[in-house]
> 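Sharing a structure below in structure tokens format, with a few things to ask.
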2 protein chains.
Amino acid sequence: MSDMNRKSTGPHRSTKQRAAIKDALVAARGFRSAQELHDELKAEGQRVGLTTVYRNLQALASAGEVDVLRTSEGEAIYRRCGTGEHHHHLVCTECGNSVEVGSEEIESWAKRVAKHHGFTPVDHTAEVFGICSGCSK
Amino acid sequence: MSDMNRKSTGPHRSTKQRAAIKDALVAARGFRSAQELHDELKAEGQRVGLTTVYRNLQALASAGEVDVLRTSEGEAIYRRCGTGEHHHHLVCTECGNSVEVGSEEIESWAKRVAKHHGFTPVDHTAEVFGICSGCSK
DNA sequence: ACGGATTTGACAATCGTTTTCAATAAGTCC
DNA sequence: GGACTTATTGAAAACGATTGTCAAATCCGT
Ligand SMILES: [Zn+2]
Ligand SMILES: [Zn+2]
Ligand SMILES: [Zn+2]
Ligand SMILES: [Zn+2]
């Protein structure tokens with residue numbers, strides 16, 4: 001009952017819904033919006049409320065278990081990545097499939113640019129969007 | 001050549017509202033959301049409808065006269081940049097001030113990453129967020 | 001199984017943005 | 001200038017994604 005936790009005050013109980021959401025994200029193997037994930041769960045016979053999908057994706061994201069991006073329309077898309085380490089993505093705009101790309105080149109570029117202009121670096125984005133070989137044929 | 005095409009679909013009449021919006025963006029010297037710009041116009045005594053601000057920012061953006069980014073919350077922010085050529089940004093998350101950073105390094109990285117995985121490159125994002133020297137005091 | 005705290009989910013509310021459509025005003029012709 | 005045509009404006013309604021509400025369901029330690 002003490003809260004000597006760190007920044008990530010993760011969930012305390014394990015529920016079927018949370019497991020289903022995690023599984024669906026893993027099976028997706030790419031970026032999905034909350035609504036897409038909800039649709040896929042429904043199609044799969046799982047009954048999980050849309051609100052619950054949003055809440056859990058949120059929790060997973062702030063726990064660092066999933067990555068979040070924004071589409072050019074501003075919609076949040078989530079992905080369960082293979083590594084918890086910082087990385088960037090190559091994303092297919094057609095099917096959401098993506099590749100994780102670590103890049104020391106980008107990291108040093110971001111730091112260099114910030115310092116060169118007297119900024120304290122906080123964050124950076126660097127994602128490549130394209131059409132994957134499967135979708136382009 | 002592609003720049004000529006973009007401008008052909010531009011607005012046909014010049015209005016006080018459009019001029020006021022452009023001026024406000026220039027004066028801002030950084031990224032602003034549609035609502036922030038609307039507030040600044042109002043504070044300045046200009047009466048421009050919020051809808052008109054949205055519409056003109058949209059038009060300016062698709063004409064290539066302003067750049068658009070998304071905040072981590074998904075809100076669209078706009079900036080009148082000094083150049084029409086492709087570039088990226090270093091943005092202060094406190095005040096919106098930003099620096100344009102051209103980077104052949106990023107361009108080649110994006111192309112290389114896409115090709116290496118069989119993707120047809122479509123677009124890419126690469127922005128650095130931080131606190132500018134003025135805001136970090 | 002009991003009981004209390006956590007989690008769920010249907011619904012309402014919110015937020016940024018777009019659409020609608022009647023009123024306004026820019027550009028043109030006289 | 002004045003009449004005319006039509007792009008543009010703007011208040012309000014509609015919209016889609018996301019968040020808040022809160023009673024009911026569920027998990028879990030005892
Ligand atoms: Zn694809
Ligand atoms: Zn990085
Ligand atoms: Zn600043
Ligand atoms: Zn670039």
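Each chain gets a letter, A, B and so on, in the order its sequence line appears, and its residues count up from 1.
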> I need the CD-C1' distance between A/Q46 and C/dG9, as an integer number of Å.
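These atoms are roughly 15 Å apart.
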> Just how far, in rounded Å, is P of D/dG16 from CD of A/E36?
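Those two atoms, CD and P, are 16 Å apart.
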> A/V48 has a side chain; which of C/dG9, C/dT17, D/dG10 sits nearest to it?
C/dG9
> Would you confirm whether A/H87, through its side chain, and A/E85, through its main-chain N or O, come within 3.5 Å as a donor-acceptor pair?
yes
> Are A/F31 and A/H89 close enough that their ring centres sit under 6.0 Å apart?
yes
> Is there side-chain contact between B/E107 and B/H88, with at least one heavy-atom pair below 4.5 Å?
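Heavy-atom side-chain distance check passes, below 4.5 Å.
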> Where the side chain of A/Q58 is concerned, which of C/dA26, D/dG10, D/dT19 is the nearest nucleotide?
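Nearest listed nucleotide: D/dT19.
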> Under 4.0 Å: is that the gap between some side-chain N or O of A/T15 and OP1 or OP2 of C/dT7?
no
> Of all the nucleotides listed (D/dA17, D/dT8, C/dG9), which has the minimum atom distance to the side chain of A/E75?
D/dA17
> Starting from the 5' end of DNA chain C, give me the residue, B/I77 or A/G49, whose nearest nucleotide shows up first.
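With B/I77 and A/G49 compared, the 5'-side residue is A/G49.
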> Are the side chain of B/R80 and the backbone of B/A24 linked by a donor-acceptor contact shorter than 3.5 Å?
no
> Looking at D/dT8, I'd like to know if its phosphate oxygens (OP1 or OP2) sit under 4.0 Å from a side-chain N or O belonging to B/Q17.
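Checking B/Q17 against D/dT8: no side-chain N or O falls below 4.0 Å of OP1 or OP2.
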> May I ask you to evaluate whether A/R18 reaches the phosphate of C/dT7, defined as a side-chain N or O under 4.0 Å from OP1 or OP2?
yes
> Nearest to the A/H12 side chain among C/dT6, D/dT9, C/dT8, which nucleotide is it?
C/dT6
> Using modelled atom types and a 3.5 Å cut-off, is there a donor and acceptor pairing between side-chain atoms of A/E127 and backbone atoms of B/T125?
no
> In whole Å, I'd like the distance from the NE2 atom of B/H38 to the P atom of C/dC15.
16 Å
> Assuming nearest nucleotide by heavy-atom distance, tell me which of A/Y78 and A/K16 is located more 5' along DNA chain D.
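Final value for this comparison: A/Y78.
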> Tell me: CZ of B/R70 to P of D/dT18, nearest whole Å?
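After rounding, the reported distance stands at 11 Å.
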> What is the distance, rounded to the nearest whole Å, between atom CG of B/N56 and atom P of C/dT18?
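From B/N56 CG to C/dT18 P: 13 Å.
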> Rounded to whole Å, please give me the gap between CG in A/L57 and P in C/dG9.
13 Å
> When the nearest nucleotide of DNA chain D is assigned to A/T51 and to A/Q35 on a heavy-atom basis, which residue is associated with the more 5' position?
A/Q35
> Check whether any side-chain N or O of B/R70 sits under 3.5 Å from a backbone N or O of B/G74 as a donor-acceptor pair, and report yes or no.
yes
> Separation of B/L50 atom CG from D/dA14 atom P, in whole Å?
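Distance, rounded to whole Å: 18 Å.
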> Suppose we call a contact any N or O donor and acceptor under 3.5 Å apart; does that hold for the side chain of A/R55 and the base of D/dG20?
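For A/R55, whose side chain was compared with the base of D/dG20, there is no donor-acceptor pair (under 3.5 Å).
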> Can you say whether a donor on the side chain of A/R13 sits under 3.5 Å from an acceptor on the base of C/dT6, or the other way round?
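A donor-acceptor contact between them is present.
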> Just to confirm, is there a sub-4.0 Å distance from OP1 or OP2 of C/dT18 to any side-chain nitrogen or oxygen of B/Y54?
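No, because none of the side-chain N or O atoms of B/Y54 sits under 4.0 Å from OP1 or OP2 of C/dT18.
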> At under 4.0 Å between heavy atoms, what does A/S14 touch on the DNA or RNA strands: base, sugar-phosphate, or nothing?
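Sugar-phosphate: the residue A/S14, judged by heavy atoms under 4.0 Å, touches backbone atoms but no base.
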> Please give, in whole Å, the distance from C/dC15 C1' to B/E73 CD?
12 Å
